[in-house]
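Residue numbers count from 1 along this sequence.
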Amino acid sequence: MSLGKNIRYMRRQKKITQEQLAEMMSVSRQTISRWEADEIVPELNKLVALSDAFSCGLDSMVKEDMSAGEDIYSQITVKKMKAFRMARYVMLTPNPEDDVNAYMDHWAHRSGLLKAHPDAMRIGWDFPFVPPDLHTRFGIHGYVAAYILPEGYETGCPGVEFARQKEADYAVITIYDPFAAIDRIRIGYRKIMEFLGANGFCERPKEDILSCFEYVYEKEHGTCMDVYIHVDSVSKTGSYTNFS
């Protein structure tokens, strides 16, 4: 593990220069350069200030290799999603993601959507409103799957709810081979929350805007998942989150 490597990695993730970080830490640019080269170790108060600036845990910055997942996670970008219309459905089952995705794929074929638009985008997100007793006693979870409907596409095919999404800005990360390890998706969410300097989602979702969603697709090198988090749907308190 290299503390200097972690400082350099987090600085680049935040898209700030050595000069900008030096101003934030009230030190010279040369000091930042020496920290990143492991020539000197920041004093404790500077380590605390760095963890606050990077919205990460002090232990993680000092003890972990924070760049170890560079081959798993893309850099985080902020994208403007144009307004769109979607067809969606929710299921509460022990395996809701697979169940509702299969249901929506069947609907997309039955409605003619995939025949007219084979590249139609299917997205999904957790449905949190599951009674606690169903979750603890029967392992019931909730998940929503939706197809984004191309502009001008109309169908009267029943079995889904139609909804509209407003234009919104999202922080986005790509996770490569997301299902290879159980923690990859959770860590991806945590990375975005740290990038946004957030410690959770707002209690009240924004009207007609999804707080977060996932898009799974195949590329030449395998399965990818893009995770989208609405930048204005998080609580920004300056403290970091475990996202657990």
>> Does the structure place the NZ or CZ of R11 under 6.0 Å from the centre of the six-membered ring of F54, at an angle of no more than 45° from the ring's axis?
In response: no
>> Under 6.0 Å between ring centres: does that hold for Y73 and Y176?
In response: no
>> For D99 and Y143: C-alpha separation, side-chain torsions, deciding distance, then whether side-chain hydrogen bond (donor to acceptor under 3.5 Å, both in side chains) applies.
In response: CA-CA 9 Å; D99 293 342; Y143 199 80; over 6 Å; no
> What is the minimum heavy-atom distance between C157 and R110, and which atoms define it?
Replying inline: SG-NH1, 3.4 Å
> Can you find a pair of side-chain heavy atoms, one from F213 and one from I229, that are under 4.5 Å apart?
Replying inline: no
>> What's the separation between atom OG1 in T223 and atom CD in E218, rounded to the nearest 0.5 Å?
In response: 3.5 Å
> If we only count heavy atoms from C-beta on, is the H230 to P205 side-chain gap below 4.5 Å?
Replying inline: no
> Checking T31 side chain against V27 main chain: does a donor-acceptor pair fall under 3.5 Å?
Replying inline: no
>> Go through it in stages, so that I can follow the logic: the residues are W107 and L114, the test is side chain to side chain contact (heavy atoms under 4.5 Å, CB included), and I'd like the CA-CA distance, side-chain angles, deciding distance and then a yes or no.
In response: CA-CA 9 Å; W107 178 88; L114 291 181; over 6 Å; no
>> Would you say CD of E39 has more than 12 non-hydrogen atoms from neighbouring residues, nucleotides or ligands within 6.0 angstrom?
In response: yes
> Do you know the tightest heavy-atom contact between R184 and P178?
Replying inline: CB-O, 3.6 Å
> Any side-chain heavy-atom pair from V234 and M193 closer than 4.5 angstrom?
Replying inline: yes
>> Can you confirm whether K15 sits close enough to Q75 that some side-chain heavy atom of one is under 4.5 Å from a side-chain heavy atom of the other?
In response: yes
> Looking at Y153 and G112, what are the two nearest heavy atoms and their distance?
Replying inline: OH-C, 3.6 Å
>> If we ignore hydrogens and angles and just use 3.5 Å, is the side chain of Q20 paired with the main-chain N or O of T17 as donor and acceptor?
In response: yes
> How many angstroms lie between OG in S28 and CD in E19, if you round to the nearest 0.5 Å?
Replying inline: 10.5 Å
> Can you tell if the side chain of D177 reaches within under 4.5 Å of the side chain of I72, non-hydrogen atoms only?
Replying inline: no
> Under 4.5 Å between any side-chain heavy atoms of F127 and F129, yes or no?
Replying inline: yes
> So how far is it from K166 NZ to D208 CG, rounded to the nearest 0.5 Å?
Replying inline: 5.0 Å
>> With a 4.5 Å cut-off on side-chain heavy atoms, are L210 and Y228 touching?
In response: no
> Any salt bridge between E167 and K82, counting N to O under 4.0 Å?
Replying inline: no
> How close do S51 and M61 get, heavy atom to heavy atom, and via which atoms?
Replying inline: N-CE, 4.0 Å
> Roughly how far, to the nearest 0.5 Å, is CD of E97 from NE2 of H141?
Replying inline: 11.5 Å
> Do D169 and K79 sit within salt-bridge range, that is, some charged N less than 4.0 Å from a carboxylate O?
Replying inline: no
> W35 and side chain to side chain contact (heavy atoms under 4.5 Å, CB included): which partner among Q18, Q30, R8, M25?
Replying inline: M25
> Is atom CD1 of I182 surrounded by more than 12 heavy atoms (other residues, nucleotides or ligands) closer than 6.0 Å?
Replying inline: no
>> Check for me, please, whether I185 and Y215 land in the same ILVMFWY cluster - side-chain distances under 4.5 Å, paths through other members count.
In response: no
> Side-chain heavy atoms under 4.5 angstrom apart, residues restricted to Ile, Leu, Val, Met, Phe, Trp, Tyr: same cluster for M225 and V78?
Replying inline: yes
>> Quick check: closest heavy atoms across I173 and G188, and the distance to 0.1 Å?
In response: CG2-O, 4.0 Å
> After noting the C-alpha distance and the side-chain angles of D226 and T174, does the key distance pass the side-chain hydrogen bond (donor to acceptor under 3.5 Å, both in side chains) rule?
Replying inline: CA-CA 4 Å; D226 291 348; T174 299; 2.7 Å; yes
> Where is the tightest heavy-atom contact between L92 and V130, given as atom of each residue plus distance?
Replying inline: CD2-CG2, 3.8 Å
> Do K206 and D232 pass the salt bridge (charged side-chain N to carboxylate O under 4.0 Å, His left out) test, and can you show the C-alpha distance, the side-chain angles, and the key distance before you say yes or no?
Replying inline: CA-CA 8 Å; K206 304 296 181 181; D232 292 327; over 6 Å; no
> Angle class for the Y103/Y89 ring planes (parallel below 30°, perpendicular above 60°, tilted otherwise)?
Replying inline: parallel
> Got V100 and V90 here, is their nearest side-chain heavy-atom distance under 4.5 Å?
Replying inline: no
> What do the steps show when you test E194 against K14 for salt bridge (charged side-chain N to carboxylate O under 4.0 Å, His left out), and what is the final call?
Replying inline: CA-CA 10 Å; E194 290 176 347; K14 287 288 187 180; over 6 Å; no
> Will you find, in the side chains of Y189 and E214, an N or O donor that is under 3.5 Å from an N or O acceptor?
Replying inline: yes
> Between S26 and K46, is a side chain to side chain contact (heavy atoms under 4.5 Å, CB included) present by the stated rule, with each step listed?
Replying inline: CA-CA 9 Å; S26 299; K46 297 301 183 184; 4.2 Å; yes
> Just checking, is any N or O donor in the side chain of N101 or D98 under 3.5 Å from an acceptor N or O on the other one?
Replying inline: no
